[in-house]
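Here's the structure we're looking at; comments come further down.
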Protein chains: 2
Amino acid sequence: MGEAIGSAKEAAGNELVVAFGRFLGAANRLEHVLGRAIEEACGISHLMFEVLLILARADEAGLPMRAISREQVLTTGGVTRLIDRMEAAGLVERGANPDDRRGRMVRLTAAGEAKAVEASRVHVENIRRYFLEPLPAEHHDVFAEDLRILSRSAGDAVGRLR
Amino acid sequence: MGEAIGSAKEAAGNELVVAFGRFLGAANRLEHVLGRAIEEACGISHLMFEVLLILARADEAGLPMRAISREQVLTTGGVTRLIDRMEAAGLVERGANPDDRRGRMVRLTAAGEAKAVEASRVHVENIRRYFLEPLPAEHHDVFAEDLRILSRSAGDAVGRLR
DNA sequence: AGGAAATATCTGACTACTCAGATACTGTTG
DNA sequence: CAACAGTATCTGAGTAGTCAGATATTTCCT
């Protein structure tokens, strides 16, 4: 694992490069495919689904936009435009932020709540059908544990990299 | 795990939705951050790096473009444009495909090989420094095994979803 | 062989991001 | 409290993807 990388072929075959590449590639494709499935079934993009979930966890008053750009890998400009589209689609609404007149609060509309429920059902169904059911039942726990370990490790790593 | 989802709050708190969301989010951010690091250090995008590695694994003759769109989550149109930029940057070159006159072969230039080596060094260094070194040494094997299991499971799931 | 269907790539039009700069506030500090 | 650095959001311009349609060539079937 500690060899110097001399040629391009060696670089491409390096154990760490290969292992991380496969892992990240698989995770990306999974997200891509699950996102596509929601998009086709519910007519909202993957990012919109994430935002619906973030807002569903918040309380009545909603969240300021910056809270959304922090949770997603999106610049503030990107969030402005994403929320513009979601507002145009009737899923969220913007209101004044009483604590800070620079900011706006974003909260779910009734239609947004309904869409969050609908999309979650689709999502859970897809995960279960294609991801979990083919595994023998006793592997579910092990798998869930793997997910936890990896998401924590990956999260820690991101924190250090920044 | 089998409850019906009734409200948006329940949807957002659903165990599967949360676990997959965290996992995919962490994997994405990790890829994003590692990609950024390569971009800043080497001046190539994350996708260009992936393509350099794919081509480095191929033999002298290179690969047809379609082989690249298959390995990446990219349409053929996207590959055309990505390779356009890489060719403009001097990293790859296109040649005729003697077996199929519709297609073109893409292969690394000397500059492309050098860039693959350079970027891999940076990548390995970052993974090691931020991801592996903070783990106690005896966890490395367990971790590598986790990566293997998860990337295989995710790959299988994607196959079933399509 | 002759022609239909499939495949590889390229392109025009569109979309959704990024970055940087503008605007409008807030908070801190001398 | 006046100035100034900081923060939240929005916007213009640029970039890199998608999709669908065009073109050239191959493959398959009769």
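Here the structure is a predicted model, which is why all the values come from computation and not from measurement. When reading the values below, keep in mind they use all heavy atoms of this one structure, side chains included, and skip hydrogens, waters and symmetry mates.
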Worksheet entry | Test applied, side-chain contact (heavy atoms from CB on, under 4.5 Å); reference residue, B:I68; option that passes from B:L82, B:V51, B:L74, B:L47 | B:V51
Worksheet item: Considering heavy-atom distances to DNA chain D, does A:P64 or B:S45 have its closest nucleotide positioned more toward the 5' end?
Response: A:P64
Item to complete: Select from A:G78 and A:R102 the residue whose nearest nucleotide in DNA chain D is closer to the 5' end of that strand.
Response: A:R102
Worksheet entry | CZ/A:R57: more than 12 non-hydrogen atoms of other groups inside 6.0 Å | yes
Worksheet item: For A:R22, does the CZ atom have more than 12 heavy-atom neighbours from other residues, nucleotides or ligands under 6.0 Å away?
Response: no
Worksheet, complete the sentence: Assert: residue with more 5' nearest nucleotide on DNA chain C, out of A:D99 and B:R94, is B:R94
Give the nucleotide from the list [options] with an atom nearest to the side chain of [X].
X	options	answer
B:R36	D:dA8, C:dC17, C:dC19	C:dC19
B:T80	D:dA16, D:dT26, C:dT11	C:dT11
B:R85	D:dA16, D:dT9, C:dC17	D:dA16

Any base atoms under 4.0 Å from [X], or only sugar-phosphate, or nothing? Heavy atoms, all strands.
X	value
A:V73	sugar-phosphate
A:G77	base
A:D84	nothing

What is the distance, rounded to the nearest whole Å, between atom [atom1] of [X] and atom [atom2] of [N]?
X	N	atom1	atom2	answer
A:H32	C:dA16	NE2	C1'	14 Å
A:I83	C:dA16	CD1	P	14 Å
B:M86	D:dT15	CE	P	18 Å
B:R66	D:dT26	CZ	C1'	12 Å
B:F49	D:dA16	CZ	C1'	20 Å
B:L82	C:dT9	CG	P	14 Å
A:R70	D:dT7	CZ	C1'	10 Å
A:L74	D:dA8	CG	P	16 Å

Item to complete: Considering just the side-chain nitrogens and oxygens of B:T75, establish if one lies under 4.0 Å of OP1 or OP2 belonging to D:dC19.
Response: no
Worksheet item: Would you say B:R104 reaches C:dT9's phosphate, i.e. side-chain N/O to OP1/OP2 under 4.0 Å?
Response: no
Item to complete: Test for a donor-acceptor pair under 3.5 Å between the base of C:dT9 and the side chain of B:R81, counting only N and O atoms.
Response: no
Worksheet item: Can you find a donor-acceptor N/O pair under 3.5 angstrom joining the side chain of A:R101 to the base of C:dG27?
Response: no
Worksheet entry | Sidechain-backbone polar pair: A:T109 side chain, A:G90 backbone, donor-acceptor under 3.5 Å | yes
Worksheet item: side chain to side chain contact (heavy atoms under 4.5 Å, CB included) between A:L34 and A:Y130: does it pass, once the steps are laid out?
Response: CA-CA 10 Å; A:L34 287 171; A:Y130 296 106; over 6 Å; no
Practice prompt. Return the minimal non-hydrogen interatomic distance between B:V79 and B:S69, and the atom names on each side.
Written response: CG2-CB, 3.4 Å
